[in-house]
4 protein chains.
Amino acid sequence: MPKVVDEQMREATRRHIIRQAASEFARLGFDQANINMIAEQAGIGKGTIYLYFENKRELFLSMLRYIAQDHLVAIRAALATDGSIQQRLERLFCAFVQLAQEERDSFNVHMSALYGVNRAFQAEATKLMRDYLATIAFMLEQSHARGEIRCANIESTSLMILSLMESFVLSANVLGQSEQVILQQANKVAEMVLHGIAST
Amino acid sequence: MPKVVDEQMREATRRHIIRQAASEFARLGFDQANINMIAEQAGIGKGTIYLYFENKRELFLSMLRYIAQDHLVAIRAALATDGSIQQRLERLFCAFVQLAQEERDSFNVHMSALYGVNRAFQAEATKLMRDYLATIAFMLEQSHARGEIRCANIESTSLMILSLMESFVLSANVLGQSEQVILQQANKVAEMVLHGIAST
Amino acid sequence: MPKVVDEQMREATRRHIIRQAASEFARLGFDQANINMIAEQAGIGKGTIYLYFENKRELFLSMLRYIAQDHLVAIRAALATDGSIQQRLERLFCAFVQLAQEERDSFNVHMSALYGVNRAFQAEATKLMRDYLATIAFMLEQSHARGEIRCANIESTSLMILSLMESFVLSANVLGQSEQVILQQANKVAEMVLHGIAST
Amino acid sequence: MPKVVDEQMREATRRHIIRQAASEFARLGFDQANINMIAEQAGIGKGTIYLYFENKRELFLSMLRYIAQDHLVAIRAALATDGSIQQRLERLFCAFVQLAQEERDSFNVHMSALYGVNRAFQAEATKLMRDYLATIAFMLEQSHARGEIRCANIESTSLMILSLMESFVLSANVLGQSEQVILQQANKVAEMVLHGIAST
DNA sequence: CATGAATGAGATTTCATTCAT
DNA sequence: TATGAATGAAATCTCATTCAT
C-alpha cells in the first residue's frame with residue numbers, strides 16, 4: 001500500500017506548510033505575509049506550495065480551518081468534562097489562554113480573521129465562530145437543565161461568554177500581561193460570569 | 001490673521017482626508033487600501049496627501065488617534081453622567097453599538113488595529129486601549145466608593161467589561177444581528193456584568 | 001491651453017511605446033515578448049506602460065490597430081489613385097512589399113495575429129482583414145464598372161488578391177529574397193491576377 | 001526480435017505524443033501550450049515526454065516535420081495524378097481545404113510556424129515550404145512542357161500558387177466560411193490562376 | 001501649495017525540466 | 001523504462017512615493 005504512505009507524506013507536508021504559514025500570517029497579516037518567505041522557512045521551493053494549495057488565499061483558508069479544528073477540540077475538552085459550572089468556565093478561560101500562548105500564531109490569525117478588516121475571510125471565520133458558540137451553548141443548556149444557571153437567552157449568553165473570554169485573553173496579551181498573570185484571573189472571570197460584580 | 005485661517009484650512013483638509021481614509025481602510029484593511037483611491041475620493045491630488053501625512057502608515061495612525069478621540073468622548077459621556085451602575089453599563093454598551101453602527105468604518109478600523117494581526121499598529125492601538133480602560137476604571141472606582149460594586153481588582157474588571165462589550169458588539173455584527181436586536185441585549189449584558197448568570 | 005500640449009505629449013508617448021512594443025512583439029511573438037524589455041527599450045519605467053495601456057494584451061491590440069491604420073492608408077493610396085487596373089495591382093503589391101520592408105515589425109505582427117495560432121487576437125485581426133478586403137473590393141467594383149475585369153464574385157476575388165499578395169510577400173521574405181527581387185515580380189503577380197498563366 | 005518490437009513501440013508512442021501535442025499547440029500556440037497537459041492527454045507521465053523528445057522545442061519541431069510529411073503526401077497526390085492543369089489546380093486547392101479541415105490542428109500549426117512571429121521555427125518551416133514549392137514547380141514544368149501554360153519564371157509562379165491557395169484557405173476559415181463554401185470556390189481559384197480576371 | 005506622471009521594488013503565480021524512485 | 005513531486009527562473013502587474021511643474 002504505497003498509496004497510504006504517499007498520502008501520509010502529502011498530509012505531513014501540508015501540515016508543515018500550514019504551520020509555517022501560520023507563523024508568517026500571524027506575524028504580518030495576510031497581505032504582508034510573503035509566499036516566498038513561507039516557502040523558505042518551510043524549507044521547500046516556492047512552487048511546491050502551489051502543489052498543495054491553489055493559491056495564497058486558499059492556503060490562508062486551509063490554515064484557518066486547521067486552526068479551528070484544534071481550537072474546537074480544546075474548547076470541547078474544557079467544557080465537556082465533568083465539574084461545576086464555575087470549574088468549567090475556568091477551564092474554558094484557561095483553554096483560551098493556553099491556545100493564545102502555546103499557539104500564539106494560530107490564535108492571532110484566527111482572531112484577526114474574525115475581527116480584522118479583511119472581509120474576504122469573514123465568511124469563513126464566522127462559520128468557525130458559530131461552531132464555538134454552539135459548543136458553549138451546549139454546555140449552558142446542560143447547566144441550565146441542572147439548575148446551575150438561569151438563562152433567558154442561551155444564544156446571547158454564549159456570545160457574551162465567548163466574547164468576554166477571547167477578547168480578554170487577547171487584550172491582556174496585548175497589554176503585556178504574562179501567562180501566569182492572565183491565568184490567575186481565571187476564577188475572577190468565571191466568577192463575574194456567574195455572579196457579577198454587584199456588591200450584594 | 002491669514003495665519004489662523006490657513007491653519008484652520010489645513011486642519012479641515014486633514015480631517016477631510018482622514019475621513020475618506022477611514023472609509024477605505026475600514027473597507028479594505030491597511031494593505032489593500034489604496035492611496036490613489038483615498039486621494040480620489042477626497043477630491044485632491046495624490047501628492048497632496050503627502051503634504052499632510054508623512055506616509056501611508058502615518059496617515060493610518062493619525063486616523064486611529066482621531067477615531068480614538070471620538071470614541072473616548074462617547075465612552076466618557078456614557079459613563080460620566082449620573083445614573084445607577086446598571087444604567088451606566090447599559091449606556092456604555094449602547095455607546096459601543098452606536099459607534100459600531102454610525103461610524104462602522106472607524107469602529108472596524110480601530111478594532112482591527114487592536115486585535116488584527118498587523119503588529120505595526122498594535123503599540124498605538126494599545127495606548128488607546130489604556131485610555132479606554134482608564135475611563136472605565138474611573139467609573140468603577142466611583143461605583144466602588146459608593147458601594148454599588150465589590151471590586152477586588154479594578155484593572156482586571158475594567159478589562160473584562162471593555163472586552164465583553166466591544167467584542168460582543170463586533171461579534172454580533174459579524175453574525176448579522178441588526179442594530180435593534182443588539183441594543184435589546186443591553187440590559188442583559190449589563191445584568192450579567194452586575195449579577196452574573198448563576199441561578200441564585 | 002496646456003491640456004492640448006499634454007494630450008500631444010501623451011499621444012507621442014503612446015506611439016513611442018507602441019513602436020518599441022511592435023519591435024519586440026515582431027521579434028518574439030506575444031508570449032515571449034517581455035514588458036520589462038519593452039519598457040527598457042522605450043527608455044521608460046516598467047510601471048509607466050501601465051499608465052498608457054491596461055495590460056499586455058491591450059498594448060498588443062492597440063499596436064495592432066495602430067498598424068492597421070498605417071496599412072489601410074497605404075493600401076488605399078495604392079488603389080485609389082488613377083491608372084489602369086494592371087498599374088493599380090502592381091502598386092498594391094509594391095505597397096505590401098514596402099510595408100513588409102520598411103515596417104517589417106508591424107507587418108509581421110499583423111500577419112501573425114491573423115494567421116498565427118493565438119486565437120486571442122484573431123477576432124480583432126479579422127476585423128482588420130475585412131477592412132482590407134472592403135478596400136480591395138471597392139476597387140474591383142470600380143474596375144468592373146469600367147469593364148476592365150469580369151468578376152462574378154467580387155468578395156471571393158478580393159480575398160484571392162489579398163491572400164496572394166500578402167502571403168507572397170511574406171513567403172518571399174521568409175525565403176530570403178531581397179526587396180529588389182521581390183519588387184521585380186510585381187508585374188508578374190499583377191499579370192497573373194489579370195491574365196493567368198494559361199498559354200493562350 | 002524484441003528489438004524490432006520495442007522500436008515499433010517506441011515509434012508508436014512518439015506518434016501518439018506528437019498527435020496530442022499538435023492538438024495543444026494548435027489550440028494554444030507554442031508558448032501557451034503546456035507540457036503537463038500534453039502528457040495528461042497522451043495518458044503518460046510528464047517525464048516520459050523527455051524520454052522521447054529533448055525538450056519542448058524539439059517536440060514542436062518533430063511535430064512540424066511530421067505534419068509536413070502528411071501535407072506533402074497530400075499535395076503530391078493532388079498534383080501527380082493525371083488530368084488537365086485546371087483539374088490539378090482544383091485538386092491542389094481541395095487538398096489544402098481538406099488539410100485545413102480534417103487536420104485543422106496540423107494545418108494551423110504549420111501555417112503559424114511559417115507566417116507566425118516565432119522566428120525560432122521559421123528556419124524549419126522554410127525548409128518545408130521549399131519542399132512544397134518544389135512539388136508545385138515540378139508540376140508546372142510538366143505542364144509547361146505540355147504547352148498548357150506559359151511560364152517565364154516557374155519558381156515565382158510556384159510561390160504565387162502556393163501563397164494564394166494556402167493563404168486563401170486560411171483566410172476563408174478565419175472569415176468563417178464553411179468547408180462547402182470554400183470548396184465551391186475551387187474552380188474560381190484555379191480559373192484565376194489560369195486565366196486571370198481581365199475581361200477579355 | 002497642489003498636482004499627477006513616472007518610477008521600480010516587490011509580490012504572486014506558472015511551468016519546463018530534473019531526478020530519485 | 002516510466003513517473004510525477006519538486007524546483008526556481010521569469011513574467012505580469014500594483015502602488016507608495018517622488019518631484020518637476
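Residue numbers start from 1 in every chain, and the chains themselves are labelled A, B, ... in the order their sequence lines are given, proteins ahead of strands.
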Give DNA chain E the dot-bracket treatment, 5' to 3': Watson-Crick (N1-N3 with N6-O4 or O6-N4) or G-U (N1-O2, O6-N3) under 3.5 Å, [ ] crossing, | other strand.
.||||||||||||||||||||
Nearest whole angstrom, please: distance from the [atom2] of [N] to the [atom1] of [X].
{"X": "C/Y50", "N": "E/dG8", "atom1": "OH", "atom2": "C1'", "result": "13 Å"}
{"X": "D/F60", "N": "E/dA16", "atom1": "CZ", "atom2": "P", "result": "14 Å"}
{"X": "C/Q32", "N": "E/dT14", "atom1": "CD", "atom2": "P", "result": "18 Å"}
{"X": "D/F30", "N": "E/dC15", "atom1": "CZ", "atom2": "P", "result": "13 Å"}
{"X": "A/M37", "N": "E/dA11", "atom1": "CE", "atom2": "P", "result": "8 Å"}
{"X": "B/Y52", "N": "E/dC1", "atom1": "OH", "atom2": "P", "result": "7 Å"}
{"X": "B/L51", "N": "E/dG4", "atom1": "CG", "atom2": "C1'", "result": "12 Å"}

With side chain to side chain contact (heavy atoms under 4.5 Å, CB included) as the criterion, how do D/M63 and D/I67 come out once you've worked through the C-alpha distance, each side chain's angles and the decisive distance to 0.1 Å?
CA-CA 6 Å; D/M63 177 203 62; D/I67 290 169; 3.9 Å; yes
Spacing of CG belonging to C/L64 relative to CD belonging to C/Q69, to within rounding of 0.5 Å:
11.0 Å
Enter the distance from D/Q32:CD to D/R27:CZ here, rounded to the nearest 0.5 Å.
10.5 Å
Using the salt bridge (charged side-chain N to carboxylate O under 4.0 Å, His left out) criterion, which residues pair with A/E124? Sequence neighbours excluded.
A/R65, A/K127
Who are the side-chain hydrogen bond (donor to acceptor under 3.5 Å, both in side chains) partners of A/E40, not counting sequence neighbours?
none
What pairs with B/Y66 under side-chain hydrogen bond (donor to acceptor under 3.5 Å, both in side chains), at least two apart in sequence or on another chain?
B/R15
Heavy-atom distance under 4.5 Å between the side chains of [X] and [Y], does that happen here?
{"X": "A/L59", "Y": "A/I35", "answer": "yes"}
{"X": "B/T13", "Y": "B/R10", "answer": "no"}
{"X": "B/F53", "Y": "B/I18", "answer": "yes"}

Taking for each residue the nucleotide of DNA chain F with the nearest heavy atom, is it A/T13 or C/E54 whose nucleotide lies nearer the 5' end?
A/T13
Which residue, D/K56 or A/R57, contacts DNA chain E at a nucleotide closer to its 5' end, judged by nearest heavy atom?
A/R57
Would you say A/N55 reaches E/dT12's phosphate, i.e. side-chain N/O to OP1/OP2 under 4.0 Å?
no
Verify the contact: side-chain N or O of D/N36 to OP1 or OP2 of E/dC15, cut-off strictly under 4.0 Å; return yes or no.
no
Is the ring pair C/F25/C/F30 parallel, tilted or perpendicular, if the boundaries are 30 and 60 degrees?
parallel
Using the heavy-atom set of chain B and a strict 4.0 Å cut-off, write down the first and last nucleotide of DNA chain F that makes it in, 5' to 3'.
F/dC15 to F/dT18
Expected list for residues 40-49 of chain C near DNA chain E, using heavy atoms below 4.0 Å, is C/I44, C/G45, C/K46, C/G47, C/T48
Would you mind classifying the nucleic acid contact of C/A33 as base, sugar-phosphate or nothing, using non-hydrogen atoms under 4.0 angstrom?
sugar-phosphate
Pair B/E11-B/R14, side chain to side chain contact (heavy atoms under 4.5 Å, CB included): steps then yes or no:
CA-CA 5 Å; B/E11 186 55 24; B/R14 259 184 75 93; 3.7 Å; yes
Looking only at non-hydrogen atoms, find the nearest pair between A/H16 and A/A42 and report the distance.
NE2-O, 3.0 Å
